[in-house]
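Lettering of chains follows the sequences in order, A, B, ..., and the numbering in each one begins at 1. Everything quoted here is computed from the prediction, not taken from an experiment.
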Amino acid sequence: MGAMARYNAKESEKHWQAEWDARALFATPSHSDKPKCYVLEMFPYPSGRIHMGHVRNYTMGDVIARFRRAQGYNVLHPMGWDAFGLPAENAARDKGVSPRDWTYENIAAMRGQLKMMGLSLDWSREFATCDVEYYHQQQKLFLDFYKAGFVYRSEADVNWDPVDMTVLANEQVIDGRGWRSGAIVERRKLSQWFFKITGFADELLQGLDTLDRWPEKVRVMQKNWIGKSEGLRFQFTLSNQTALDVFTTRPDTLFGASFVALSPEHPLAQELAKTDKKLAAFIEECRHIGTAEADIEKAEKKGYDTGLTAAHPFDTNWKLPVMVANFVLMGYGTGAIFGCPAHDQRDLDFARKYKLSVTPVVVPSDADPKTFEIGKEAYAGPGRLANSRFLDGMTVEQAKADVASRLEKDGIGERTVNFRLRDWLVSRQRPWGCPIPMIHCEKCGVVPVPKDQLPVKLPEVINFNVKGNPLDADTAWKITTCPTCKGHAVRDTDTLDTFADSSWYFTRFTNPDFDEPVDKQAADYWLPVDQYIGGIEHAILHLLYARYFTRAMSKLGLVKVAEPFAGLFTQGMVCHETYKDAEGAWVSPEEIEKRDGKVFLRSSGQEATVGASEKMSKSKKNTIAPETIIAEYGADTIRWFMLSDTPPERDIEWTDAGAEGCWRFVNRIYRLCTEAGDLPAPGTPVSADDEASKALRQASHKAIAAVTDHLEHLRFNSAVAQLYTLANAIGGAEKAGPAARREALEAIVLLSAPMMPHLAEACWQALGHSKLVAETAWPKYDAALTQSNSVTIPIQVNGKRRGEISMAKDADSKTVEAAALANDGVIRALEGKAPKKVIVVPNRIVNIVA
RNA sequence: GCCCCGGUGGUGGAAUGGUAGACGCGGCGGACUCAAAAUCCGUUGCCGAGAGGCGUGGGGGUUCAAGUCCCUCCCGGGGCACCA
């Protein structure tokens, strides 16, 4: 045994990364007899540096990729860059650099940082969405979608900055003002491109049921977002002889109606406001309550009586007042409703305020219809109809169907399905995105760019010293000829929402060099992604858009699958303590030091206050730079930290003490392997001859079984705990034979390899192997060795633990019962009483009922 | 308001209805050292000298047995929101 050698992570990691590269171990072959496994993490925006969130995300993905590779799968594990978007434009404007150069420089820097993490990525497939070749293929897809009728053009509101003469993204509008100019933002109508995602609303909803390896939470969020509701659309005839369309999901409550309400934005309300100043003022008031004040006014239901009445469809003598109400949304249904206060809380609040009638028409089964009354709470549950003429006695479902059928027969109603989901507006008036391959001709109108004239490339130089969209101002780029009539025409100067870029990149990874968007053979082999990993913040939009794209592509015959991600995992955030100085300004972790459980500023020695642990963010100055940690301890330590202790779906807190603990463990494994003493040659068969060897062998095989199972289920923290347990067993097994010790050491190296791949290679070499761990199969366990042949069985008396006995495994119940009753603690607890009943659960527990 | 998750030692967290607190961090005691670091050994839910008692947010229930299942309430986090 030599002096304790410390593991030189820096040198070792560089060395093994070079070895993996030299053997191209992670380049995925296009043909293989092995089963496939596609592991993917959400690709990053190239901001310039990786952060702890990336480290956590990519570590988890890498563990799965390496684990599956060792298990004999053909693994695809690619990486790329979500490279279009606003930050590059901002950098270009602020620093005068080209967005292209800025982006590619950031990519180079981040690629270097990711490589330092030792991720088993197939870098040969790397691309950025701003690569001409990628957006070229995306333009072809856009044209395919257009041809198939998945794309249409329509007017839509945009945020317009009248000073900068530009369209703003929602996040660029702060308190109603442009973030850069400070000008009050106006709403403007522009002709915009839409993807008709609503055409797939039902499919996208039903598809959720097939995604059994998605978090329930995400499926619920998507379901709510799509927001399907089935109901009835029908007409009221108003006192001014016009017809008013309303939508309801509760046609059964029609006899409980006490008013009809319009959205303030409803055309009829607008029309009436022209001659009714008070109504105009009310509508104006509603408009103001819009966003910020909504919280203050906190949902007080308000209305205005238009003086019109609506005739009840089943009794034309029955007149309902027509109100304009602030809680009716124009964007949902028809923008008009009938109110049934007894069975809808909003309607009830409204009715009480304006003293409208409240008639219960659905009575719960445990209530008496004669006396059932509505107080402050509307009743929305099941029951039988009452006060409803021909509907009386029916269930809610029966009454819904009956009303719908009658109104359909009368020709004034129709059953409809309503979705909350809207079509996807994809036009962006921005220069750093995928140009929309369309041409506007004075004579021919909107004409697609013929595929053989693609790509529509972004200009080499984008001039930001203009008002508005640089592409629009670039006449040389914009002016073109019409592909149809050869006449004067201009290009569409909008680019696609960057969510489009990330909606099919995983498909492109299956063959990124193909000269069409999709190599069907490759895509059909690799898709769906078996395990997708990313942040919960993408639970709705990115994942829904990607699902939509895949379905649309599937309809076009480009891919076989309808659902792109068979398995989804959403990891938690990385948090850190926050610090503030005496003035209340945020202070970064590097600026403080801890002494005697207190925190002081390094610069002044002043005491600082410690705040809650929060998501690492620049604004709260509580970030830790991954490269600093890697430089200090190496990539394996930071990877191990990210996997330890905290379940992967929860938020993890970065602590220095925890990082040091991880580094100590790295060294402990290294020492166990390098100071193992004499071991038999690799491959020597093991037999358990003595107790100590047998115990160690059992520990090894239990660990193999447990770690394998935990990794299968992404329980990284539990896998980590098992490895600590095995390390403890090896450390305490001086008496075990050399063969059993070799077996245990090899197990711990192979099992920890997906998490700490560089350390594993160094240890594997120290154990005398010439092949790399990255080329070595996952260890197998001997089931006989995962169980001991004697078991400790606790004995309870009346459910309280009073003793324990050691028994042979699978000993028969009578023997166990006799031993239990003979136990001292049990005898004491029984106090001479005879047991009434003895429950023996084999190998687990005995409970004596006295 | 509705829909999801959560609530376990000082702390992060384990636990197919069957020994609550595995494993890590931290603490305490010790060994080695001139000393420190590193390392190693022991110990560590609470009360109690001990026997023992009490303990998984509160209350109730099912069961031989409940952190786990059921009811109810409280607290924290997330999502959606006047969606008719």
In whole angstrom, give me the gap between the [atom1] atoms of [N] and [M].
N	M	atom1	result
B:G45	B:G26	C1'	15 Å
B:G57	B:G76	C1'	11 Å
B:G29	B:A22	C1'	24 Å
B:G24	B:A15	P	16 Å
B:G79	B:G18	C1'	37 Å

- Ignoring hydrogens and angles, state whether a donor on the side chain of A:Tyr7 or A:Thr637 is under 3.5 Å from an acceptor on the partner side chain. no
- Task: Answer yes if the side chains of A:Gln222 and A:Arg547 hold a donor-acceptor pair under 3.5 Å, and no otherwise.
- Result: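 The answer is yes; a qualifying pair exists.
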- Carboxylate-amine/guanidinium proximity below 4.0 Å for A:Glu216 and A:Arg219: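 A salt bridge links A:Glu216 with A:Arg219.
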- Item | A:Asp812/A:Lys814 salt bridge by N-O under 4.0 Å criterion |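 Looking at A:Lys814 and A:Asp812, the cut-off is not met.
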- Task: Give a yes/no answer on whether the side chain of A:Arg650 brings an N or O atom under 4.0 Å of OP1 or OP2 in B:G13.
- Result: yes
- Query: So does A:Arg671 get a side-chain nitrogen or oxygen closer than 4.0 Å to the phosphate oxygens (OP1/OP2) of B:A38?
  - Reply: no
Nearest whole angstrom, please: distance from the [atom2] of [N] to the [atom1] of [X].
X	N	atom1	atom2	answer
A:Leu232	B:A84	CG	C1'	12 Å
A:Trp663	B:A37	CH2	P	18 Å
A:Lys223	B:C2	NZ	C1'	12 Å
A:His343	B:C83	NE2	C1'	19 Å

Using purine N1 to pyrimidine N3 plus N6-O4 or O6-N4 for Watson-Crick, or N1-O2 and O6-N3 for G-U wobble, both under 3.5 Å, which nucleotide pairs with [N]?
N	answer
B:A31	B:U39
B:G55	none
B:C80	B:G1
B:U68	none

- Message: Taking the nucleotide of RNA chain B with the nearest heavy atom to each, does A:Glu804 or A:Val220 sit closer to the 5' end?
- Response: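 The answer here is A:Val220.
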- Item | More than 12 heavy atoms of other groups within 6.0 Å of A:Tyr781 OH | no
- Quick check: does any side chain N or O of A:His713 sit under 3.5 Å from a backbone N or O of A:Arg715, one acting as donor and the other as acceptor? no
- Item | Interface with RNA chain B, restricted to residues 813-823 of chain A and to heavy atoms under 4.0 Å | none
- Message: Can you tell me which nucleotide in B:G13, B:U19, B:A84 comes closest to the side chain of A:Ile845?
- Response: B:U19
- Task: Give the nucleotide from the list B:G18, B:A20, B:A84 with an atom nearest to the side chain of A:Asn847.
- Result: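 Given the options B:G18, B:A20, B:A84, the side chain of A:Asn847 is closest to B:G18.
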Show the atom names and distances, to 0.1 Å, of all donor-acceptor pairs under 3.5 Å that link a side chain in residues 793-806 of chain A to residues at least two apart or in another chain.
unit_1: A:Asn798; atom_1: OD1; unit_2: A:Ala850; atom_2: N; d: 2.9
unit_1: A:Arg801; atom_1: NH2; unit_2: A:Glu804; atom_2: OE1; d: 2.7

Which protein N or O atoms sit under 3.5 Å from an N or O of nucleotides 78-80 of chain B?
unit_1: B:C80; atom_1: O3'; unit_2: A:Arg420; atom_2: NH2; d: 2.9

- Note on the structure: Readout for nucleotides 21-27 of chain B: B = base within 4.0 Å of protein heavy atom, S = sugar-phosphate only, - = neither; 5' to 3' it is -BSSSS-
- For nucleotides 41-58 of chain B, read 5' to 3', which letter fits each nucleotide if B means a protein heavy atom sits under 4.0 Å from the base, S means only the sugar-phosphate is that close, and - means neither? -----------SSS----
- Let me know which of A:Phe236, A:Phe255, A:Phe259, A:Phe338 forms a ring pair (Phe, Tyr, Trp, His ring centres under 6.0 Å) with A:His312.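 Filter result, single survivor: A:Phe255.
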- Give a yes or no on whether a donor-acceptor pair under 3.5 Å exists between the nucleobase atoms of B:U39, that is its base, and the side chain of A:Arg6.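 Under the 3.5 Å cut-off, the side chain and the base do not form any donor-acceptor pair.
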Without placing hydrogens or testing angles, list every side-chain donor-acceptor pair under 3.5 Å for residues 535-544 of chain A, not counting sequence neighbours.
unit_1: A:His542; atom_1: NE2; unit_2: A:Tyr532; atom_2: OH; d: 2.7

